[in-house]
Enquirer: 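My questions will all concern the structure given below.
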Amino acid sequence: MTVPKLLNVRDFQAAAAQILDPVHADYFAGGARDEITLAENETAFDRISLLPRVLRGRPAPDLTVDLVGSPTSMPIFLSPTAFHRLAHPEGEAATARAAAAAGTVMIAAMASTVAVEEVAAQGTALWFQLYLQPDLAFTESVIQRAAAAGCRALVLTVDSAVFGSHERDNRHDFHQLPDGLHCENMRDAGEVRPIQMSPEFSWKHLRWLQSVTDLPVILKGILHPDDAILAVEHGAAAVIVSNHGGRQLDTTPASIRALPAVVRAVGGRIPVLLDGGIRRGTDVVKALALGATAVGVGRPVVWGLAVDGGKGVSAVLEILRAELEHTLLLCGYGSVRELVAGLLLLPPGEY
Ligand SMILES: Cc1cc2nc3c(=O)[nH]c(=O)nc-3n(C[C@H](O)[C@H](O)[C@H](O)COP(=O)(O)O)c2cc1C
Ligand SMILES: CCCCC(=O)C(=O)O
């Protein structure tokens, strides 16, 4: 069999689909219900055109950003995705090595199949993604573990009052990890607790969270500008505009379409990050031009991991870095921090 050249993120997607168990491939790929938002996250980027500038005499582009206190080599971070050992035996440890090598932030999922201490030991800048649990004392113990392991921020996922309905998983009856794999951050006195979601959480729980930790708290899953304002008023360190990769509420707008209103509402008071549908360097440039400080990648990381462990994740991150740099050069920009909306031709009526 000839091995196809893996030139871009899509090539990794196709290769991963060949390698993964089909049930697990569907878990990683799938979205909620009709998967309308899942598809929109990607196609909305394609409807935005780039209007490059010429003869600007710029040096090789500077890709570095300060990501909520963590300096990174590029404005691309690893969004939290669950269950990396379904993709590769080394799981989140391999992912973290690649993040460290790339010089960027990894957000470790609470639903990791490698314990946060071992993920942190790989030397990457690490943030910890949290689902508040109805047992607040247990939640606090998980936060303390993450902080003791060296996590520099908490990323509270706020788009999940209940689990999204993933019909691909329902068709396969995929509701449990295979034998030997566990959510290692959910261990409690010898047992592994199930992750629970609850519609009863409110802004007062954010206050509670801030009262039990000194870590900055970032809210992930903001789409409505009014919630972005509430996030600022409640002392969030940043917001991540995200629809959970189209896995929670279907028919929400593509993340990129929700971004400008959130950026306007926040008015520069805190950084605005984005994830969902980033597959090319041009996508990164479009998000930054619309006001994002940095973008996260979810599935592309998993595809790299499935294809070649940590080396595969590194390859995906370096492809995106090279595409981003190439795009900036062709657009006439010398830094990711100088990107402005004037670089974009937006589809009429959509923004
Ligand atoms: C397989 C998978 C698992 C995920 N698990 C989590 C999770 O545990 N917590 C969370 O906040 N978001 C989770 N997400 C959402 C991602 O953090 C991110 O928002 C999304 O994947 C971004 O879209 P992209 O995959 O198009 O890059 C998951 C996404 C996928 C695809
Ligand atoms: C408790 C696991 C949650 C994983 C998740 O958020 C997703 O699959 O989108």
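Starting from 1, each residue takes its place in the sequence as its number. Every number for a ligand or one of its atoms is a count from 1 in the order of the listing.
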Enquirer: Can you pull out the closest protein heavy atom to atom 18 (C) of ligand 1? Residue, atom name and distance to 0.1 Å, please.
Expert: Asp275 OD2, 3.2 Å

Enquirer: Who's the nearest protein heavy-atom neighbour of atom 23 (O) of ligand 1, and how far?
Expert: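 Looking at atom 23 (O) of ligand 1, the protein heavy atom closest to it is Gly276 CA, 3.3 Å.
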
Enquirer: Checking a contact table here: which protein heavy atom is nearest atom 12 (N) of ligand 1, and how many Å away?
Expert: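 Its nearest protein heavy-atom neighbour is Lys220 NZ, 2.9 Å.
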
Enquirer: Check this for me - ligand 1, Gly298, N or O atoms closer than 3.5 angstrom, yes or no?
Expert: yes

Enquirer: I'd like the name of whichever of His84, His166, Met110, Arg247 reaches closest to atom 29 (C) of ligand 1 through any heavy atom.
Expert: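 Shortest heavy-atom distance from atom 29 (C) of ligand 1: Arg247.
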
Enquirer: Below 3.5 angstrom, do we get any N/O pair linking Pro80 and ligand 1?
Expert: yes

Enquirer: Taking the cut-offs as 6.0 angstrom to the six-membered ring centre and 45 degrees off its axis, would you call Arg280 and Phe45 a cation-pi pair?
Expert: no

Enquirer: Walk me through it: do Asp250 and Arg33 pass the test salt bridge (Lys or Arg N to Asp or Glu O under 4.0 Å)?
Expert: CA-CA 6 Å; Asp250 198 21; Arg33 303 289 182 190; over 6 Å; no

Enquirer: Would Tyr27 and Phe83 count as a ring pair (Phe, Tyr, Trp, His ring centres under 6.0 Å) here? Give the steps.
Expert: CA-CA 10 Å; Tyr27 166 68; Phe83 312 152; 5.5 Å; yes

Enquirer: Considering only NZ, NE, NH1 and NH2 on the basic side and carboxylate oxygens on the acidic side, decide whether Arg145 and Glu140 come within less than 4.0 Å.
Expert: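 Salt bridge: no.
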
Enquirer: Judging by distance only, is a nitrogen or oxygen of His166 under 3.5 angstrom from one on ligand 2?
Expert: no

Enquirer: Taking it one step at a time, do Arg58 and Glu338 satisfy salt bridge (Lys or Arg N to Asp or Glu O under 4.0 Å)?
Expert: CA-CA 12 Å; Arg58 290 290 197 276; Glu338 34 169 69; 3.2 Å; yes

Enquirer: Between Ser242 and ligand 1, which part of the residue brings a heavy atom under 4.0 Å of the ligand: side chain, backbone, both or neither?
Expert: side chain

Enquirer: Looking only at protein heavy atoms, which one is nearest to atom 24 (P) of ligand 1, and what is the separation?
Expert: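 Minimum-distance protein heavy atom for atom 24 (P) of ligand 1 reads Arg299 NH1, 3.6 Å.
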
Enquirer: Using only heavy-atom distances, determine whether the side chains of His84 and Thr113 contain a donor-acceptor pair under 3.5 Å.
Expert: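 There is no such pair between these side chains.
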
Enquirer: Can you check whether Gly277 has an N/O within less than 3.5 Å of an N/O in ligand 1?
Expert: yes

Enquirer: Would you mind checking which non-hydrogen protein atom is closest to atom 15 (C) of ligand 1, with the distance to 0.1 Å?
Expert: His244 CD2, 3.5 Å

Enquirer: Nearest to atom 7 (C) of ligand 2 by heavy atom, Arg247, Met197, Met110: which?
Expert: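 Considering heavy atoms of Arg247, Met197, Met110, the nearest to atom 7 (C) of ligand 2 sits in Arg247.
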
Enquirer: May I ask you to identify, for Thr157, whether its side chain, its backbone, both or neither come under 4.0 Å of ligand 1 on a heavy-atom basis?
Expert: side chain

Enquirer: Which of the atoms of ligand 2 are close to Tyr27, meaning less than 4.0 Å from one of its heavy atoms?
Expert: 4 (C), 7 (C), 8 (O)

Enquirer: For a 4.5 angstrom cut-off between non-hydrogen side-chain atoms, does Trp208 reach Leu132?
Expert: yes

Enquirer: Just jot down the ligand 2 atoms closer than 4.0 angstrom to any heavy atom of Ala82, in number order.
Expert: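 So the answer, numbered in order with elements, is 4 (C).
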
Enquirer: Is the contact between Gln248 and ligand 1 made by the side chain, the backbone, both, or neither, using heavy atoms and a 4.0 Å cut-off?
Expert: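 Neither; nothing of Gln248 gets under 4.0 Å from ligand 1.
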
Enquirer: Examine the proximity of ligand 1 to Glu42 and report which part, side chain or backbone, both or neither, has a heavy atom under 4.0 Å away.
Expert: neither

Enquirer: If the threshold is 4.0 Å, N to carboxylate O, is there a salt bridge linking Glu35 and Arg168?
Expert: yes

Enquirer: Among all protein heavy atoms, pick the one closest to atom 7 (C) of ligand 1 and tell me residue, atom and distance.
Expert: Tyr131 OH, 3.5 Å

Enquirer: Say whether Asp26 and His172, considering side chains only, have a donor N or O and an acceptor N or O under 3.5 Å apart.
Expert: yes

Enquirer: Run the side-chain hydrogen bond (donor to acceptor under 3.5 Å, both in side chains) check on Ser242 and Asp275 step by step: do they pass?
Expert: CA-CA 5 Å; Ser242 172; Asp275 74 20; 2.6 Å; yes

Enquirer: What residue and heavy atom of the protein are closest to atom 6 (O) of ligand 2, and at what distance?
Expert: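 Result for atom 6 (O) of ligand 2: Tyr131 OH, 2.7 Å.
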
Enquirer: Among Thr64, Asp62, Val336, Leu317, find the residue that satisfies the side-chain contact (heavy atoms from CB on, under 4.5 Å) test when tested with Met74.
Expert: Leu317

Enquirer: Would you say Asn41 has any N or O atom under 3.5 Å from an N or O of ligand 1, going by distance alone?
Expert: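 So ligand 1 has no N or O lying under 3.5 Å from an N or O of Asn41.
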
Enquirer: His244 vs Tyr131 aromatic rings, parallel, tilted or perpendicular, using cut-offs 30° and 60°?
Expert: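 It falls in the parallel class, under 30°.
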
Enquirer: So that I can tick it off, tell me whether Arg85 and Glu92 are bridged by a salt bridge, with the cut-off set at under 4.0 angstrom between side-chain N and carboxylate O.
Expert: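 Salt bridge absent between Glu92 and Arg85.
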
Enquirer: Measure Phe83 to ligand 1 on non-hydrogen atoms and call it side chain, backbone, both or neither using the 4.0 Å cut-off.
Expert: neither

Enquirer: Within ligand 2, which atoms have a heavy atom of Ile195 less than 4.0 Å away?
Expert: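 In order of numbering, the contacting atoms are 1 (C).
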
Enquirer: For ligand 1, is any non-hydrogen atom under 4.0 Å from Gln129's backbone (N, CA, C, O), its side chain (CB onward), both, or neither?
Expert: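 Gln129 to ligand 1: side-chain contact only, backbone stays beyond 4.0 Å.
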
Enquirer: If you apply the rule salt bridge (Lys or Arg N to Asp or Glu O under 4.0 Å), what do you find for Asp135 with Arg193, and how did you get there?
Expert: CA-CA 11 Å; Asp135 182 340; Arg193 293 190 177 212; 3.0 Å; yes

Enquirer: When you look for heavy atoms under 4.0 Å from ligand 2, do you find them on the side chain of His244, its backbone, both, or neither?
Expert: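 Side chain only.
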
Enquirer: Could you check atom 5 (N) of ligand 1 against the protein and tell me its nearest heavy-atom contact, residue, atom and distance included?
Expert: Ala82 N, 3.3 Å

Enquirer: Flag yes if Val284 and Leu346 sit in one hydrophobic cluster, no otherwise; membership is Ile, Leu, Val, Met, Phe, Trp, Tyr, and two members link when side-chain heavy atoms are under 4.5 Å apart.
Expert: yes

